[in-house]
Amino acid sequence: MSKGHIVFVETNSTGHGIRAIRTARKIGYQVTFMTMDPEFYRDGDEDALSEVDRLVITDTYSVSEMLNHVDRELTRGVVAFDDYHLLPASELASRLRVPHPDLEGLRNARFKDRLRLELASWGERRPKFAVLAMDDERNDSPVGYPCVVKPVDDSGSVGVRICRGREEYRWALQFLQTRGFNIRGYRPEKRWLVEEYVEGVEYSAEVLWVDGGWKILGVTKKMVTNPPYCVELGHVFPAWPGDVEQSFLEEKVLSWMRAAKMKWGAAHVEFKLTEDGPVLIEINPRLGGDLIPELCSLACGFDVVEYFLRISAGEKFCVRELLSRKPRKAYAIRFLCPDRNGGVVERVKGTDVLDRLAGVVDWRITAFPIEVHRLRSSYDRLGYVIAEGRDAVEAKSAAEEALSKLSLVWR
């Protein structure tokens, strides 16, 4: 017997977003799936729509439109897994009086300029930043060079560029000024953030709301491309930095959450570890992308996505005892990326050996043939390999070894 409905307001086209649909049904819920464009999900190598109980085609950026299609009596929760629909999904949940994040905190995290202003009011001095609007005439960086230019509300490294001089800066700003709707039908705000570029190793803290407060599952170490486009090539979890006290880092992350006024749900807190300590890059008010929840689930011993779905539906799901246990293994994901600036990939060689390699626990390759472009964002990646190890170093090595067995066959 169904426990009721969980409403999905769009989802990620791959990764844990589609797995979440299966998980919701596995734990006893029916899935109402709302989308503006069903074809978006049919173009991938997994058909999310084949998994749902009820498909609704509507404007998923309009709360009032979505309300017209919701069964108020049967709906137990509303979820979104991509950045663009976090606010409308949470506003819909608020109207239906089902669990949802604090809306002020969600807006503070969702819009990067608001987050910087909140942190500045708490005394955070790095990075230096400036907010630009469409009518602002700035021919030079207001924070010096190198600097980072980014939209205040986009995702997946889209539109983010490191600029080392005036020409690169002006090009990056011009690119953002001329952008229209993105791949998800979202029109980014005409505001941009310019920040000083901070040197340091990139990490993210994976955070869940547990028993009325934030609990840090662990820290993920990132592998990224060189500037100007910092695309994430892989992740390792858990990977606590060895040169900083864990309790100090945890308190720093929690202080950022307090400054943002975030309450309830999940967060993926990106930061760099510099010579002067941790510096916040951004707070993503959701589970981490790129299958980071899968790495967390494998290491922590419980399904992180299932936990999020259960609390979204108002269930009590105790994980505090599990969180007190130290993970026995580490897990790493490495992404398959194009090794040329563009063309058509016919197929991938070497996948036949992956299941026989020590440490490999999962892998997926995009359906081919496919036309690819220069690696500028996470949308340009072509697959992944997940591997395990006794620690972060061994897990990373196993994933890289598996990735080295693959090669792209170009047309």
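Since the model is a prediction, treat every value here as computed from it, not as a measurement. Quick note: numbers below take in every heavy atom, side chains included, and nothing from hydrogens, waters or symmetry partners.
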D53 side-chain N/O to V31 backbone N/O, donor-acceptor pair under 3.5 Å
yes
Between the main-chain N or O of L74 and the side-chain N or O of R76, is there a donor-acceptor pair closer than 3.5 Å?
yes
R125: partners by side chain to side chain donor-acceptor pair (under 3.5 Å), with sequence neighbours left out
none
Can you measure from CG (L298) to CD1 (I386) and round to the nearest 0.5 angstrom?
6.5 Å
K3 atom NZ, neighbour heavy-atom count above 12 within 6.0 Å:
yes
With a 4.5 Å heavy-atom cut-off, do F248 and P278 have their side chains touching?
yes
Taking the six-membered ring of F335 as reference, does the cationic atom of R381 (NZ for Lys, CZ for Arg) lie under 6.0 Å from its centre and within 45° of its axis?
yes
Using 0.5 Å steps for rounding, measure from the SG atom of C300 to the OH atom of Y307.
12.5 Å
Would you say W363 and D355 make side-chain contact, with heavy atoms under 4.5 Å?
yes
Please enumerate all residues that pass side chain to side chain donor-acceptor pair (under 3.5 Å) together with D102, with sequence neighbours excluded.
none
Would you name the heavy atoms of L382 and C337 that are closest together and state the gap between them?
CD1-C, 4.3 Å
Run H85 and Y61 through ring-ring contact (aromatic ring centres under 6.0 Å, His included) and show every step you take.
CA-CA 7 Å; H85 294 91; Y61 292 115; 4.4 Å; yes
Output yes when K150 and E282 qualify as a salt bridge under the 4.0 Å nitrogen-oxygen rule, no when they do not.
yes
Does R310 reach the main-chain N or O of K316 with its side chain, forming a donor-acceptor pair under 3.5 Å?
no
Looking only at side chains, do E306 and T23 share a donor and an acceptor under 3.5 Å apart?
no
Could you check whether any side-chain heavy atom of L291 comes within less than 4.5 Å of a side-chain heavy atom of R19, counting everything from C-beta outward?
yes
Can you find a pair of side-chain heavy atoms, one from L106 and one from W264, that are under 4.5 Å apart?
no
For E394, give me all partners under side chain to side chain donor-acceptor pair (under 3.5 Å), at least two apart in sequence or on another chain.
R390
Compare every heavy atom of V70 with every heavy atom of M34, then report the nearest pair and how far apart it is.
CE-CG2, 3.5 Å
Between R347 (side chain) and L408 (backbone), is there a donor-acceptor pair under 3.5 Å?
no
List the atom pairs, donor and acceptor, that lie under 3.5 Å between side-chain atoms in residues 90-100 and the rest of the protein, sequence neighbours left out.
{"from": "S90", "atom 1": "OG", "to": "L86", "atom 2": "O", "distance (Å)": "3.0"}
{"from": "E91", "atom 1": "OE2", "to": "R107", "atom 2": "NH2", "distance (Å)": "3.2"}

A side-chain contact here means heavy atoms from C-beta on lying under 4.5 Å apart; do F308 and W209 qualify?
no
Quick one: CZ on R364 to OG1 on T366, what's the gap to the nearest 0.5 Å?
9.0 Å
Decide, yes or no, whether a salt bridge links K329 with D391 under the criterion of side-chain N to carboxylate O below 4.0 Å.
no
Quick one: are R161 and W171 in side-chain contact, heavy atoms under 4.5 Å?
yes
Side chain to side chain donor-acceptor pair (under 3.5 Å) for Y41 and E51? Distances and angles first, verdict last.
CA-CA 11 Å; Y41 301 98; E51 309 279 347; over 6 Å; no
Does T75 reach the main-chain N or O of G77 with its side chain, forming a donor-acceptor pair under 3.5 Å?
no
Looking only at side-chain N and O atoms, does W192 offer a donor or acceptor that is under 3.5 Å from a partner on Q177?
no
Check ion pair K128-E196 (N to O, under 4.0 angstrom):
no
Go through Y197 and Y145 one step at a time and tell me if the ring-ring contact (aromatic ring centres under 6.0 Å, His included) criterion holds.
CA-CA 7 Å; Y197 177 70; Y145 298 102; over 10 Å; no
Check step by step if salt bridge (charged side-chain N to carboxylate O under 4.0 Å, His left out) holds for R114 and E118.
CA-CA 6 Å; R114 288 182 58 144; E118 290 291 341; 5.5 Å; no
Holding to salt bridge (charged side-chain N to carboxylate O under 4.0 Å, His left out), I want the full list of residues that pass it with E401, two or more places apart in sequence or in another chain.
K405
Verify, without hydrogens or angle tests, whether S2 (side chain) and G4 (backbone) share a donor-acceptor contact under 3.5 angstrom.
yes
Minimum heavy-atom separation for I18 and N12, please, with both atom names.
CG1-O, 3.6 Å
Any donor-acceptor pair under 3.5 Å from E270 side chain to I281 backbone
no
Examine distances only and state if a side-chain atom of D290 and a backbone atom of I292 form a donor-acceptor pair shorter than 3.5 Å.
no
Using side-chain contact (heavy atoms from CB on, under 4.5 Å), reason through F111 and R191 one step at a time and then give a plain yes or no.
CA-CA 10 Å; F111 295 100; R191 300 194 314 278; 3.9 Å; yes
Pair E195 + R116, salt bridge at N-O below 4.0 Å:
yes
Sidechain N-carboxylate O distance under 4.0 Å for R411, E371:
no
What heavy-atom pair brings A392 and A330 nearest, and what distance separates the two atoms?
N-CB, 3.5 Å
Quick one: pull up NZ in K112 and CG in L115 and give me the separation to the nearest 0.5 Å.
9.5 Å
Looking only at heavy atoms, the pair that brings P88 and V63 closest together is O-CG2, 3.7 Å
So do P293 and F237 actually touch side chain to side chain, heavy atoms under 4.5 Å?
no
Between the main-chain N or O of R286 and the side-chain N or O of N284, is there a donor-acceptor pair closer than 3.5 Å?
no
If you apply the rule side-chain contact (heavy atoms from CB on, under 4.5 Å), what do you find for L406 with I365, and how did you get there?
CA-CA 10 Å; L406 303 178; I365 303 298; 4.1 Å; yes
About how many Å separate CZ of F33 and CD1 of I6, when rounded to the nearest 0.5 Å?
13.5 Å
Would you call V52 and F8 a side-chain contact if the rule is heavy atoms closer than 4.5 Å?
no
Throw together a table of side-chain donor-acceptor distances under 3.5 angstrom for residues 212-222, partners on residues two or more places apart or in other chains.
{"from": "W214", "atom 1": "NE1", "to": "M262", "atom 2": "O", "distance (Å)": "3.0"}
{"from": "T220", "atom 1": "OG1", "to": "E206", "atom 2": "OE2", "distance (Å)": "2.8"}
{"from": "K222", "atom 1": "NZ", "to": "E232", "atom 2": "OE2", "distance (Å)": "2.9"}

Atom pair NZ/CE of K263 and M257 - distance to nearest 0.5 Å:
12.0 Å
Distance only, no hydrogens: is a donor on one side chain within 3.5 Å (strictly under) of an acceptor on the other, for D339 and W410?
yes
Nearest heavy-atom approach of T58 to M36 is O-CG, 3.2 Å
Keeping the roles fixed (side chain from K272, backbone from V198), state whether a donor-acceptor pair exists under 3.5 Å.
yes
Does the pair V244 and L273 meet the rule for a side-chain contact (heavy atoms from CB on, under 4.5 Å), with working shown?
CA-CA 9 Å; V244 61; L273 195 58; 4.1 Å; yes
May I have the step-by-step check of side-chain contact (heavy atoms from CB on, under 4.5 Å) for R126 and D276, ending in yes or no?
CA-CA 10 Å; R126 293 194 71 191; D276 299 322; 3.6 Å; yes
